[in-house]
2 protein chains.
Amino acid sequence: MANIRDVADSAGVSVATVSRTLQQPERVSPKTRNKVMAAVQAVGYKPNLMAVKFRSGKTHNLVVLVPTVANVFFARVISGMQEAAAELGYSILLANTLGNSEIENHYAKMVSTSQADGLIQLRANNPLDASMINDHGLLPMVNACEVIDDGQYPVVSLDNRAAAKAMTEHLISLGHSRIAMIKGPNSSPLTQERLMGYKDALAQANIVFDESLLFPGDFTLQAGYNAGESISRLENRPSAVFCENDETAIGAMQAFKQANLHVPKDISVAGFDDIAFSAFVDPPLTTIAQPAEEFGRTAVTLLVDVLNGKIRKAPKVIMPFELIVRESTGKAFG
Amino acid sequence: MANIRDVADSAGVSVATVSRTLQQPERVSPKTRNKVMAAVQAVGYKPNLMAVKFRSGKTHNLVVLVPTVANVFFARVISGMQEAAAELGYSILLANTLGNSEIENHYAKMVSTSQADGLIQLRANNPLDASMINDHGLLPMVNACEVIDDGQYPVVSLDNRAAAKAMTEHLISLGHSRIAMIKGPNSSPLTQERLMGYKDALAQANIVFDESLLFPGDFTLQAGYNAGESISRLENRPSAVFCENDETAIGAMQAFKQANLHVPKDISVAGFDDIAFSAFVDPPLTTIAQPAEEFGRTAVTLLVDVLNGKIRKAPKVIMPFELIVRESTGKAFG
DNA sequence: GGCAATGATGTAACCGTTTTCATTTAAACA
DNA sequence: TGTTTAAATGAAAACGGTTACATCATTGCC
């Protein structure tokens, strides 16, 4: 691999001149500029960006901790990140952490070992360990989507409570009063917030909260299916089910069909996220749309601001949501 | 950020000794080893891996060009890559290229500019330009999933022709003779191969190939929906549809339902890929399972072999497929 | 023509490691 | 104790760029 010295030799100039020709051409006379450019071509010179990054101390890499790239919602978030990063001259290093703290910690180390400049965490978990937070203050990090809002780091999130309330209100307005909820993992603040929104709407409509209508889940199709089976076997079956994400809702709908329950005639189903599949299942799913790509763009922009020292106090960005009413929710029977 | 010199000063030894303590502890006396380790703790030393990579000339980064991370099949492939890479001490740099040659080329440059050691392309397109293939031979690259099989680079693929033939035979065995096909982009060799497999099975059963039963698509839900609409409006409607991927099949099924066609009673639908959703749609989709994670693992392993000079001639790995019969395909009417 | 100011180019230090080679220290042996 | 051998350590170069500073050449002006 030809290096800058080869170019300098070939052009009969110093390495400094080569560097200047490439970085600030105006500082070099046209004559030498041409000589150098010709030499660059001649020897097939490609600057070693590893050396540049090492010298500059800036890698222009951002590590993104994503619980699972197989989740369609995160896939959209990542797309948005990639776009924003490209515009700002950064590269995204994607880490598929499977929600495992050790793996998260492993990739977070890329920042403390100077392999990346900053970190974006998409899960409500602090991936840093004591060794990364010592003397010199905080490590550049942004927390998005599923967040811990302790004011330490910039945060990009949805008002999950308001969104869940809006969806529950929608179901109540259709005449439902026994509304089941298929939750996400209890460890996720998302789940807590959405549960609170659900309770808010219930309370507002004077419906007493019934703990037995809460079903466990983990955001997967299978978990939704399992919960759906349980629900369909209930003697006093609820007339609606609010699922904490679309995968869960699609899994549950499948279970209902196999139990010969018609959606929405026998039971209404609502999801959360508005993934692409949701418009193409039968019936199309009522859900909450989140601006997934915007989440990604915003997180990257914020992180780069942090890196450039443009941010003093950790900001908190709340993204808008939208209730998308399709055909999986309908009037309550009776 | 403390560097190795700070540690050396703090421990009262030379930088060489510090480096040895960390890399080959057995080459250092226990006494100094302890001194150094204590100093490492004291100053909070984290080796600058950017410097290490620069020095060694090896980045241990692999760039992966993926047409779209939003495709569930690719998401599985990526998971497999990440696993294998972690085991082998490599990091994956994911590039969401949207099938755009320029973006591909941009990320491919990371290899020629020493920011990554090798490249995995998941699309049947050569992302390299002339400047990358000059004198010193080929750039380390592996082509997986959608491949160009020109013998230049290692390849990991499925016998798409055989798989498509197997699926078509399945449909024929159910009594279908008018079998539509919703294709992928014509530019994709995948599409050509699957079309050939489809024709093979037809010919073997003495069914004349009917060009008018071919419908265009691009592997998206929407394209499947559009094709499904066209098919349902046909006067002499086919009794089965073979879709080149599951997204397309799910989109098509949705169109059939809206046209009041029952799957599989009125029309059978088959997919390709066996994504997670396919088992949870109504009816569950008959499809071809591909070992997606294995694709990823194999591609990474192969690339690392190339980087280690363990490979002479570009190997060609064919992964196995499996016909998964669910409920979306049934006996032909009449 | 002589001097100052400006522009063009070169020299060399620097970034943080690893590693070769030289040197010092310790151990082994007679 | 003196000599040989092995083990432990240190000094310094190297990786490939960028850049502060020094130097040299050119131009403008009196």
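We name chains A, B, ... by the order of the sequence lines, and we start the count at 1 in each one.
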Aromatic plane relationship, Phe295(A) with Phe73(A) - under 30° parallel, 30 to 60° tilted, over 60° perpendicular: perpendicular

Heavy-atom pair with the smallest gap, counting every atom of Arg297(B) and Ala84(B):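 Looking at all heavy atoms of both residues, the shortest contact is CA-CB, 3.8 Å.
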
Heavy-atom closest pair, residues Leu122(A) and Pro67(A): CB-CD, 4.0 Å

Test side chain to side chain contact (heavy atoms under 4.5 Å, CB included) applied to Asn61(A) and Ser91(A), step by step: CA-CA 5 Å; Asn61(A) 289 335; Ser91(A) 298; 3.6 Å; yes

Over 12 non-hydrogen atoms of neighbours within 6.0 angstrom of CD in Glu102(A): no

Specify the separation, in whole Å, of atom [atom1] of [X] and atom [atom2] of [N].
| X | N | atom1 | atom2 | value |
| --- | --- | --- | --- | --- |
| Lys53(B) | dG16(D) | NZ | C1' | 17 Å |
| Arg33(A) | dA8(C) | CZ | C1' | 12 Å |
| Met50(A) | dT18(D) | CE | P | 15 Å |
| Gln115(A) | dG16(C) | CD | C1' | 14 Å |
| Glu26(B) | dA6(D) | CD | P | 18 Å |
| Lys46(B) | dG16(C) | NZ | C1' | 17 Å |
| Met1(A) | dG17(D) | CE | P | 9 Å |

With sugar-phosphate meaning primed atoms plus P, OP1 and OP2, does [X] contact a base, only sugar-phosphate, or nothing at under 4.0 Å between heavy atoms?
| X | answer |
| --- | --- |
| Lys58(A) | nothing |
| Thr32(A) | sugar-phosphate |
| Ser56(A) | nothing |

Pair Thr68(B)-Asn96(B), side chain to side chain contact (heavy atoms under 4.5 Å, CB included): steps then yes or no: CA-CA 5 Å; Thr68(B) 162; Asn96(B) 201 34; 4.2 Å; yes

Closest listed nucleotide, where the reference is the side chain of Asn48(B) and the choices are dG17(D), dT17(C), dT9(D): dT17(C)

Phe54(B)-dC15(D) aromatic stacking (under 5.5 Å, under 30°): yes

Between the first and last five pairs of the helix from dG1(C)-dC30(D) to dA30(C)-dT1(D), the angle of the axes, rounded to 10 degrees: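 Overall, the helix from dG1(C)-dC30(D) to dA30(C)-dT1(D) bends by 50° from one end axis to the other.
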
Pairwise 5' ranking along DNA chain D for Ala51(A) and Val13(B), keeping only the more 5' one: Val13(B)

Donor on one side chain, acceptor on other, Thr17(B) and Ser14(B), under 3.5 Å: yes

Side-chain N,O (Ser29(A)) to OP1/OP2 (dT9(C)) below 4.0 Å: yes

Annotated protein contacts, base or backbone, on nucleotides 18-28 of chain C with a non-hydrogen cut-off under 4.0 Å, one of B, S, - each: BBB--------

Side chain to side chain contact (heavy atoms under 4.5 Å, CB included) assessment of Tyr153(A) paired with Leu128(A): CA-CA 12 Å; Tyr153(A) 296 96; Leu128(A) 311 179; 3.3 Å; yes

Salt-bridge criterion met for Glu146(A) and Arg123(A) (N-O under 4.0 Å):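 The answer is no: the pair does not qualify as a salt bridge.
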
